[in-house]
There are 2 protein chains.
Amino acid sequence: MTTDSFELEQFLPYRLNRAAEFVGLRFAAHYKAKYGLTRPEWRTLAALGSSGRMTSKAVGIHSSMHKTKVSRAVFALEQRRWLKRSQDDADRRLEHLELTAAGQQAYRELIELARRYQTELEVEIGESGIEALSTGLTAIEEVIRRSGKGKQPEPDDL
Amino acid sequence: MTTDSFELEQFLPYRLNRAAEFVGLRFAAHYKAKYGLTRPEWRTLAALGSSGRMTSKAVGIHSSMHKTKVSRAVFALEQRRWLKRSQDDADRRLEHLELTAAGQQAYRELIELARRYQTELEVEIGESGIEALSTGLTAIEEVIRRSGKGKQPEPDDL
DNA sequence: ACGATATGGTTGCAAATGTAACCATCAATT
DNA sequence: AATTGATGGTTACATTTGCAACCATATCGT
């Protein structure tokens, strides 16, 4: 037994990764070329832009990124004067993040880009493909939710 | 206009990436723990195991990996004595790769792991979810095929 | 046969990432 | 209030990656 064939092409993790990479890299090329943003930076901007004032930790949860990625992205966006921090005075460990006017402006432009790209994808992939994909992704997201791992755990993964 | 909301959670590149990461990392944990393999190494092994003798370039195409990733993975597997190279004597630039007995053995064990993981996923995600996902992925793969970018271009991406 | 160009593969270097350790602050227990 | 243990966030260090330059060989045009 266990003798039959195995093809990478039909292995789900491989297929997913390949698709994600393709779709993601193409979009990244857009904002990288236009604004020199990295992916963590773009995600942080998106989180902050859509949900307003929030802490680094919240950004991490919202965008499924590890502490350190968020930390560095926040730093970079701060340098760029696209966001500002402010200490919480009840709990001095945490700081609230907020987009500056420039940051909000950039955010608006970026999500416009994102929307265009998404519809571009919808055209290429086709309505039925998109719908199927979305259904499948929702199912996986449910599994992620159940397993509690949106990425950004402190003690340990495994 | 362009004023309405944008949510990362429903942006396709984000969702795909998140799902791929989740599914991929969990599987990687398996072979990393058991054999200390990296992902490029596992992919190379899988390609070689299923298709037999082939060149580095072919591995790259088969597994959607860039030259350099393949090169380093091949080197690592060679150290481990899981594969051997042999020069093509018609064209001395290219070398053919082949798994050793040990490599084939490892391959068999690994694909057994992979199969188990895949069915585990099928249970978690549910038959209908898997089916939808597969349909969607196929649609994207079609786009990738058309755009010719399976990853591993020489001159340039953009 | 000769130079230009292309191709398989490797390597050096810079940038991105993950991990763990760390700092500061807060909360709970005593 | 002193000790212990979380928690938000940053940083140092090692590993992984991506890119460009590179080497060797092969091909094409002349």
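Bear in mind the structure is a predicted one, so any value in this text is a computation, not a measurement.
Base engagement by Thr68(A) is indicated by at least one non-hydrogen atom pair under 4.0 Å involving a base atom. Across all strands shown, Ser56(A) has heavy atoms under 4.0 Å from sugar-phosphate atoms exclusively, and none from any base.
In this structure, the side chains of Gln118(B) and Arg115(B) stay at 4.5 Å or more apart for every pair of heavy atoms.
Not a single donor-acceptor pair, N or O on each side, falls under 3.5 Å between the base of dG8(C) and the side chain of Arg85(B). Under 3.5 Å, the side chain of Lys57(A) and the base of dG8(D) form no donor-acceptor pair of N or O atoms.
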Protein N or O to nucleotides 25-28 of chain D N or O, pairs below 3.5 Å:
residue: dA26(D); atom: OP1; partner: Arg92(B); partner atom: N; Å: 2.6

Polar atoms only, N or O, under 3.5 Å: list the protein pairs with nucleotides 14-16 of chain D and their distances.
none

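In terms of position along DNA chain D, the nucleotide closest to Ser71(A) lies nearer the 5' end than the nucleotide closest to the other residue of the pair Ser71(A) and Lys32(A).
The pair Arg116(B)-Glu112(B) counts as a salt bridge, with a side-chain nitrogen and a carboxylate oxygen less than 4.0 angstrom apart. Under 4.0 Å is where a charged nitrogen must lie from a carboxylate oxygen, and between Glu78(A) and Arg85(A) at least one such pair does. A salt bridge links Arg15(B) with Glu141(A): the closest approach of a Lys/Arg side-chain nitrogen to an acidic carboxylate oxygen falls below 4.0 angstrom. Classification of Arg18(B) and Glu21(B) as a salt-bridged pair fails, no side-chain N sitting under 4.0 Å from a carboxylate O. Taking 4.0 Å as the cut-off between side-chain N and carboxylate O, Arg146(A) and Glu142(A) count as a salt-bridged pair.
One atom, CZ of Phe75(B), and another, P of dT17(D), lie 16 Å apart when rounded to the nearest Å. When rounded to the nearest whole Å, the span between CG of Leu94(B) and C1' of dT10(C) equals 15 Å. dA24(D) atom C1' lies 13 Å from atom NZ of Lys67(B), rounded to whole Å. Distance CD (Gln79(B)) to P (dT10(C)): 12 Å, rounded to an integer number of Å. What separates CE of Met65(A) from P of dG18(C) is a distance of 11 Å, to the nearest Å. A straight line from NE2 of His66(A) to P of dA16(C) spans 17 Å, rounded to a whole angstrom. Separating the CG atom of Leu37(A) from the C1' atom of dA15(C) is a distance of 16 Å, rounded to the nearest angstrom. Between the C1' atom of dG9(C) and the CD atom of Glu78(B) lies a distance of 13 Å, rounded to the nearest Å.
Taking side-chain N and O atoms only, Lys69(A) has a distance below 4.0 Å to OP1 or OP2 of dG18(C).
Figure legend: Arg80(A) and Trp82(A) shown as a cation-pi pair, the cationic atom lying under 6.0 angstrom from the six-membered ring centre and within 45 degrees of its axis.
The ring-ring contact (aromatic ring centres under 6.0 Å, His included) check on Tyr107(A) picks up nothing, with sequence neighbours excluded.
Below 30°, between 30° and 60°, or above 60°: for Trp42(A) and Phe27(A) the angle between ring planes is above 60°, a perpendicular geometry.
The closest side-chain donor-acceptor pair between Ser64(B) and Arg43(B), if any, does not fall under 3.5 angstrom.
With dC13(C), dA12(D), dG9(C) as the candidates, the nucleotide lying closest to the side chain of Arg72(A) is dA12(D).
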